Peer 1: 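First the structure, which I've put down as structure tokens, then a few questions once you've had a look.
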Amino acid sequence: QNDRLDLLRRAIDRLPEKLRTPLLLFCIEGHSQKDTADILETTPKTIELRVYRAKEKLRSILSSWQEIES
């Protein structure tokens with residue numbers, strides 16, 4: 001369990017700031033899209049898109065790491 005969390009943390013750290021911050025605020029800290037947008041001075045739609053892109057990038061990073069371990 002701790003290994004998985006460590007892998008996830010390392011993958012999140014590899015995200016560009018522009019994707020990492022909305023992901024952390026929205027998914028981890030539980031802010032709404034509107035609140036996250038207000039904090040980052042952007043629109044809720046931008047937050048939705050950045051969180052989506054962050055998740056896609058995380059999948060890609062974690063998948064490539066899994067392939068290396070196999």
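Computed from a predicted structure; not experimentally measured.
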Peer 1: Hydrophobic clustering (ILVMFWY, side-chain heavy atoms < 4.5 Å, transitive) - are Leu58 and Trp65 grouped together?
Peer 2: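 Same cluster.
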Peer 1: Using 0.5 Å steps for rounding, measure from the CG atom of Leu40 to the CD1 atom of Ile47.
Peer 2: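 The distance works out to 4.5 Å.
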Peer 1: Applying salt bridge (Lys or Arg N to Asp or Glu O under 4.0 Å), name anything that partners Asp35, two or more places apart in sequence or on another chain.
Peer 2: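 Asp35 satisfies salt bridge (Lys or Arg N to Asp or Glu O under 4.0 Å) with no other residue.
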Peer 1: Could you tell me which non-hydrogen atom of Pro44 sits nearest to which non-hydrogen atom of Ala37, and how far apart they are?
Peer 2: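 Closest pair (atom of Pro44, atom of Ala37, distance): N-CB, 3.5 Å.
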Peer 1: Atom CZ of Arg50 and atom CG of Leu23: how far apart are they, to the nearest 0.5 Å?
Peer 2: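 Answer rounded to 0.5 Å: 12.5 Å.
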Peer 1: What donor-acceptor contacts under 3.5 angstrom involve side-chain atoms of residues 9-17, with partners at least two apart or in another chain?
Peer 2:
from, atom 1, to, atom 2, distance (Å)
Glu17, OE1, Arg20, NH2, 2.4
Glu17, OE2, Thr21, OG1, 2.4

Peer 1: With sequence neighbours left out, what residues match Ser60 under side chain to side chain donor-acceptor pair (under 3.5 Å)?
Peer 2: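 Here no residue qualifies.
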Peer 1: Just jot down the side chain to side chain donor-acceptor pair (under 3.5 Å) partners of Arg59, sequence neighbours excluded, or say none.
Peer 2: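 Partners of Arg59 by the side chain to side chain donor-acceptor pair (under 3.5 Å) criterion, ordered by chain and then number, come out as Glu56.
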Peer 1: So, taking the atom named CD in Gln33 and the one named OG1 in Thr42, what distance separates them when rounded to the nearest 0.5 Å?
Peer 2: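 Atom-to-atom, Gln33:CD and Thr42:OG1 are 11.5 Å apart.
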Peer 1: Could you grab the distance from atom CG of Leu25 to atom OG of Ser32, nearest 0.5 Å is fine?
Peer 2: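 Between Leu25 CG and Ser32 OG, I get 10.5 Å after rounding to 0.5 Å.
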Peer 1: Hey, what do you get for CG (Asn2) to CG (Leu7), rounding to the nearest 0.5 Å?
Peer 2: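 Taking CG in Asn2 and CG in Leu7, the distance rounds to 11.0 Å.
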Peer 1: Under the side chain to side chain donor-acceptor pair (under 3.5 Å) test, which residues partner Lys55, sequence neighbours left out?
Peer 2: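 With neighbours one apart ignored, the set is empty.
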Peer 1: What's the separation between atom CD1 in Ile28 and atom CG in Leu8, rounded to the nearest 0.5 Å?
Peer 2: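 These two atoms lie 6.5 Å from each other.
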Peer 1: What's the verdict on side-chain contact (heavy atoms from CB on, under 4.5 Å) for Val51 and Thr36, showing C-alpha distance, side-chain angles and the deciding distance?
Peer 2: CA-CA 11 Å; Val51 168; Thr36 302; over 6 Å; no
